[in-house]
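Presented below is the structure to which this report refers.
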2 protein chains.
Amino acid sequence: MKLSLLQTHGLKILLTIIKSGKETLTASEISKIEGLKTGYVGKILFMLRKAGIVSTIRGKTGGYFLADDKKNITLYDVLTALSPNKNEIELCPNIKEGENCTHSIDCAIRPVFYEAHKFFKHLASNITLEEMANREKDIMSKVKEIKNHYFKEKV
Amino acid sequence: MKLSLLQTHGLKILLTIIKSGKETLTASEISKIEGLKTGYVGKILFMLRKAGIVSTIRGKTGGYFLADDKKNITLYDVLTALSPNKNEIELCPNIKEGENCTHSIDCAIRPVFYEAHKFFKHLASNITLEEMANREKDIMSKVKEIKNHYFKEKV
DNA sequence: AATAATTTTTACAAAAAAGTAAAATAAAAA
DNA sequence: TTTTTATTTTACTTTTTTGTAAAAATTATT
C-alpha cells in the first residue's frame with residue numbers, strides 16, 4: 001500500500017499544469033515550480049504522454065497539456081501510467097494478467113489482495129484530477145461519499 | 001497495491017511451518033520445501049523473529065516455530081514485518097508517522113490513500129495465518145464476510 | 001573437550017527503480 | 001537558412017531493495 005515518489009511527482013506535475021491556467025507548460029517551467037530537475041520532469045511527462053494522459057507540442061513554443069478534460073482523467077489512470085510494471089497496479093506477483101495463479105492450491109493471499117485492490121481501484125477511478133486540484137477537505141468528503149455508495153451497492 | 005516477493009516468501013515460509021505439523025523446522029528444511037536458498041530463508045526468519053512473529057531455538061536441534069498461536073498472527077503483522085520501511089505499510093511518502101503532511105495545502109492524495117489503507121489494514125488484520133493455511137475458497141468467503149461487516153459498521 | 005548442526009550477524013552482490021544528463025530531433029522565429 | 005527553444009530518446013548514475021554467502025556464535029551430542 002504505497003504511493004511511490006515517482007507517482008507523487010507525476011500527480012504534482014499534472015496538478016501544476018491544471019493550476020497554471022495556461023494553455024501549455026514547458027518542462028522547464030514545471031521544474032521551477034516544483035523544484036525538480038528538468039530532465040526528470042521531462043521523463044515523467046514522456047511516460048504520461050505514452051499513457052495518453054498528456055499531449056505535447058514539439059519545438060519552440062512547445063509544451064505539455066492534458067490530453068483530455070481534467071474531469072475525465074482519474075487518479076487511477078495516473079498511478080497506472082507511473083507504475084513500474086506499466087499495465088496494472090500490481091497485485092500478487094504470482095498472478096499475471098489473464099492467468100490463473102500458479103500457486104492456486106495454496107496461495108491464500110490472492111483473495112485478500114483481490115478484494116483490497118478492487119476497492120482501491122474503485123476509489124482511485126472515481127477521483128478525477130479536477131477534484132484533486134481542489135483542497136483536501138473537498139476530496140475527503142468525496143472519498144467518504146464514494147465509500148458509502150460502494151458499500152451500499154456491493155454488500 | 002503490491003505484495004513484494006519478500007513478503008510472499010515470508011508468508012509461504014510461515015505456512016510451511018504450520019503445515020509441517022512439526023514442533024520446529026530448520027531453515028534448511030524450509031529451503032528444500034520452498035526451493036529457496038537457505039541463507040535467504042534464514043534472513044527472512046530473522047526479520048520475522050525481530051518482529052516477534054517466530055521464535056527460535058539455537059544450536060543443534062534448533063529451529064524455528066511460531067511465537068504465538070496461528071490464530072493470533074495476522075496477515076497484516078507479517079506484511080508489516082517484511083515491509084522495507086518496517087514500522088508500517090507505507091502510505092503517502094509525504095506522511096511520516098505522527099507528522100502532518102508537509103504538503104497539506106495541496107496534497108490531495110492523502111485522503112484517498114488514507115481510506116484505502118484503512119480498509120486494507122482492516123482486511124489484513126482480520127485474516128489469520130490459521131485461516132491462510134486453509135484453502136482459497138474458505139478465505140474468499142471470510143474476506144467477503146469481513147468486507148460486509150466493515151461496511152455495515154462504518155458507512 | 002571436540003564435533004556437528006544449528007541460528008545469528010555481517011558484508012557483499014545482483015537486480016530493480018529512481019533520477020540525471022546529454023545528444024538527437026522538431027518546429028518557430030529571426 | 002540559421003538560431004533558438006522546445007520535446008524525444010538513450011544512456012548512464014545513484015539509490016533502494018532483494019538476494020547470496022560466509023564467518024561468528026550457540027547448543028546438543030559424542
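This is a predicted model, so every value here is computed, not measured. Lettering follows sequence order; numbering is per chain, from 1.
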By nearest atom, which of the nucleotides [options] is closest to the [X] side chain?
X       : options                : answer
A:Thr26 : D:dT7, D:dA25, C:dA18  : D:dT7
A:Lys37 : C:dT20, D:dT18, D:dT26 : C:dT20
B:Arg58 : C:dT9, C:dT7, D:dA28   : C:dT7

To the nearest 0.5 Å, tell me how far B:Ser125 OG sits from B:Leu79 CG.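 The distance works out to 9.5 Å.
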Taking atom [atom2] of [N] as reference, at what distance in whole Å does atom [atom1] of [X] sit?
X       : N      : atom1 : atom2 : value
B:Leu25 : C:dT6  : CG    : P     : 11 Å
A:Ile30 : D:dA6  : CD1   : P     : 12 Å
B:Lys43 : C:dA13 : NZ    : P     : 14 Å
B:His9  : D:dT18 : NE2   : C1'   : 10 Å
B:Leu36 : D:dA21 : CG    : P     : 13 Å
A:Lys60 : C:dA30 : NZ    : C1'   : 7 Å
B:Phe65 : C:dT6  : CZ    : C1'   : 14 Å
A:Ile57 : D:dT8  : CD1   : P     : 11 Å

Between B:Thr61 and D:dT27, is there a side-chain N or O to OP1/OP2 distance below 4.0 Å?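 Checking B:Thr61 against D:dT27: no side-chain N or O falls below 4.0 Å of OP1 or OP2.
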Determine: side-chain N/O of B:Thr56 to OP1/OP2 of C:dT8, distance under 4.0 Å, yes or no.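 Answer yes for this pair, as a side-chain N or O of B:Thr56 is under 4.0 Å from OP1 or OP2.
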Side-chain (B:Asp77) to main-chain (B:Thr74) donor-acceptor, under 3.5 angstrom: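 The answer is yes, because a donor-acceptor pair under 3.5 Å joins these two groups.
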Salt bridge check, B:Glu131 against B:Lys70: does any charged N sit closer than 4.0 Å to a carboxylate O?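 The answer is no: the pair does not qualify as a salt bridge.
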Closer to the 5' end of DNA chain D via nearest nucleotide, is it A:Gly62 or A:Gly39? A:Gly62
For a 4.5 angstrom cut-off between non-hydrogen side-chain atoms, does B:Lys121 reach B:Tyr76?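 Sidechains of B:Tyr76 and B:Lys121: in contact.
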Is there a donor in the side chain of A:Ser83 and an acceptor in the side chain of A:Gln7, or the other way round, less than 3.5 Å apart? no
Find which nucleotide of DNA chain C each of B:Phe46 and B:Gly59 is nearest to by heavy atoms, and output the residue with the more 5' nucleotide.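 Result: B:Gly59.
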